[in-house]
Number of protein chains: 2
Amino acid sequence: MVTYQADAWTALADPTRRTIFGRVAERPRPVGELARELPVSRPAVSQHLKVLKKAGLVIDQPAGNRRVYRVDPDGLAALRAQLDRFWTAALANYKAIVEQSTEEDS
Amino acid sequence: MVTYQADAWTALADPTRRTIFGRVAERPRPVGELARELPVSRPAVSQHLKVLKKAGLVIDQPAGNRRVYRVDPDGLAALRAQLDRFWTAALANYKAIVEQSTEEDS
DNA sequence: CCTTACCGTTAGTGGTCACTTACCAAGCTG
DNA sequence: CAGCTTGGTAAGTGACCACTAACGGTAAGG
């Protein structure tokens with residue numbers, strides 16, 4: 001058994017998985033279509049999708065014989081929020097430095 | 001020698017490195033201060049900072065005896081832009097679905 | 001100058017992960 | 001039902017990576 005982590009950052013760390021996620025973001029796709037566009041085997045794609053699903057980044061939905069994967073907006077939003085925290089923190093820090101140097105000038 | 005990758009996603013995949021990046025985002029810090037707050041050795045922190053630097057996420061600046069690390073706004077902005085591409089792609093896709101179902105209703 | 005503090009680098013190791021091959025289950029079509 | 005398509009899972013392997021211990025190199029302080 002392959003037991004992967006369930007972290008969104010870890011999930012998007014792998015280039016292949018990032019490509020898969022990009023494809024799914026453009027348009028919901030079944031597994032086979034993704035595998036045909038990628039230089040890896042179909043089982044590899046299945047495993048990648050399993051990781052992305054566990055990380056809350058994609059949702060799978062059975063459609064007859066096939067299984068269509070689409071982006072989970074909530075997971076993507078959560079990741080965006082986390083990145084924004086870094087952004088605002090860094091920004092606030094730079095702002096403080098600018099204000100300090102302005103005071104020094106006066 | 002330890003040859004790591006230089007990708008921002010890969011850099012932030014590691015939890016320890018993400019914590020370090022968060023600390024640096026709050027306020028620029030020297031290596032020793034980061035190491036004292038973390039459950040890893042100082043060399044480990046140095047290696048993590050090396051990865052973050054290679055990924056363009058932090059900048060180092062010698063300050064006398066110490067070496068202060070701060071966030072590189074450009075690298076963080078680039079990552080944000082990449083995540084926004086996923087976001088807008090997924091959003092456009094959902095919008096298309098909503099519009100289609102609206103047409104079906106009429 | 002000698003000591004102390006701060007930091008980067010190297011070498012070595014254990015653990016995790018991406019990948020393939022092989023196999024099995026379920027839906028569609030004749 | 002038989003055959004084809006689609007896809008998830010198991011097992012095994014090679015590679016990468018996070019970590020520590022040990023060392024060297026540079027600035028501050030007595």
Side-chain angles (χ1 to χ4, degrees), chain A residues 1-24 27-72, chain B residues 1-24 27-72:
Chain A
M1 254 276 280
V2 225
T3 44
Y4 294 100
Q5 282 185 240
D7 183 65
W9 290 101
T10 309
L12 289 181
D14 184 69
T16 303
R17 217 145 45 207
R18 216 153 53 228
T19 303
I20 291 177
F21 186 69
R23 292 270 204 282
V24 173
R27 168 167 54 88
R29 296 171 194 263
V31 181
E33 184 179 333
L34 289 167
R36 255 175 269 121
E37 301 170 347
L38 292 171
V40 294
S41 67
R42 188 193 48 74
V45 175
S46 263
Q47 292 168 4
H48 282 311
L49 286 168
K50 186 178 181 181
V51 176
L52 289 171
K53 184 183 171 184
K54 226 171 192 172
L57 289 173
V58 299
I59 304 173
D60 63 328
Q61 175 182 4
N65 198 14
R66 300 176 308 178
R67 182 172 287 261
V68 178
Y69 283 84
R70 61 185 71 253
V71 169
D72 185 348
Chain B
M1 253 275 281
V2 223
T3 44
Y4 294 100
Q5 283 185 239
D7 185 63
W9 289 100
T10 309
L12 289 180
D14 185 69
T16 303
R17 216 145 46 205
R18 216 153 53 228
T19 304
I20 291 178
F21 186 69
R23 292 271 203 281
V24 172
R27 169 166 54 86
R29 295 171 194 262
V31 180
E33 184 179 333
L34 289 167
R36 253 174 270 122
E37 300 170 347
L38 293 171
V40 295
S41 66
R42 189 194 47 74
V45 176
S46 265
Q47 293 168 3
H48 282 310
L49 287 168
K50 187 177 181 182
V51 176
L52 290 172
K53 184 182 171 187
K54 226 172 191 171
L57 289 172
V58 299
I59 304 173
D60 62 329
Q61 174 182 5
N65 200 12
R66 301 176 307 177
R67 181 172 287 261
V68 179
Y69 283 83
R70 60 185 71 253
V71 170
D72 184 348

Which pair of non-hydrogen atoms, one from [X] and one from [Y], has the smallest distance, and what is that distance?
| X | Y | answer |
| --- | --- | --- |
| A:Phe21 | A:Leu57 | CE1-O, 3.5 Å |
| B:Val40 | B:Val45 | CG2-CG2, 3.9 Å |
| B:Ala13 | B:Arg18 | O-NH1, 3.1 Å |

Atom-pair distance ([atom1] on [X]; [atom2] on [N]), nearest Å:
| X | N | atom1 | atom2 | value |
| --- | --- | --- | --- | --- |
| A:Lys50 | C:dC19 | NZ | P | 15 Å |
| B:Leu34 | D:dC19 | CG | P | 14 Å |
| A:Lys54 | C:dC17 | NZ | C1' | 14 Å |
| A:Arg29 | D:dT6 | CZ | P | 16 Å |
| B:Leu38 | D:dC19 | CG | P | 9 Å |
| B:Arg17 | D:dC16 | CZ | P | 15 Å |
| A:Asp60 | D:dT6 | CG | C1' | 14 Å |
| B:Asp14 | C:dC17 | CG | P | 11 Å |

Walk me through it: do B:Leu34 and B:Val24 pass the test side-chain contact (heavy atoms from CB on, under 4.5 Å)? CA-CA 8 Å; B:Leu34 289 167; B:Val24 172; 4.0 Å; yes
Measure the CG-OG1 distance between B:Asp14 and B:Thr19 for me, rounded to the nearest 0.5 Å.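 Between B:Asp14 CG and B:Thr19 OG1, I get 8.5 Å after rounding to 0.5 Å.
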With rounding to the nearest 0.5 angstrom, report the CD to CZ distance, B:Gln61 to B:Arg66.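 Result: 11.5 Å between the selected atoms.
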Please list, pair by pair, any protein nitrogen or oxygen found under 3.5 Å from a nitrogen or oxygen in nucleotides 20-28 of chain C.
| unit_1 | atom_1 | unit_2 | atom_2 | d |
| --- | --- | --- | --- | --- |
| C:dT20 | OP2 | A:Ser41 | N | 2.8 |
| C:dT20 | OP2 | A:Ser41 | OG | 2.7 |
| C:dT20 | O4 | A:Gln47 | NE2 | 3.1 |

Tell me whether the OP1 or OP2 atom of C:dC19 has a side-chain N or O from A:Thr16 closer than 4.0 Å.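 Affirmative; the distance criterion is met.
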Would you say B:Arg67 reaches C:dG8's phosphate, i.e. side-chain N/O to OP1/OP2 under 4.0 Å?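 B:Arg67 to C:dG8 OP1/OP2: side-chain N or O found under 4.0 Å.
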One thing to verify: whether B:Glu37 and B:Arg29 come together as a salt bridge, which I'm taking to mean a side-chain N less than 4.0 angstrom from a carboxylate O.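 Salt bridge between B:Arg29 and B:Glu37, a charged N being under 4.0 Å from a carboxylate O: yes.
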Between A:His48 and B:Tyr69, just flag the one whose closest nucleotide in DNA chain C comes earlier from the 5' side.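 So the residue in question is B:Tyr69.
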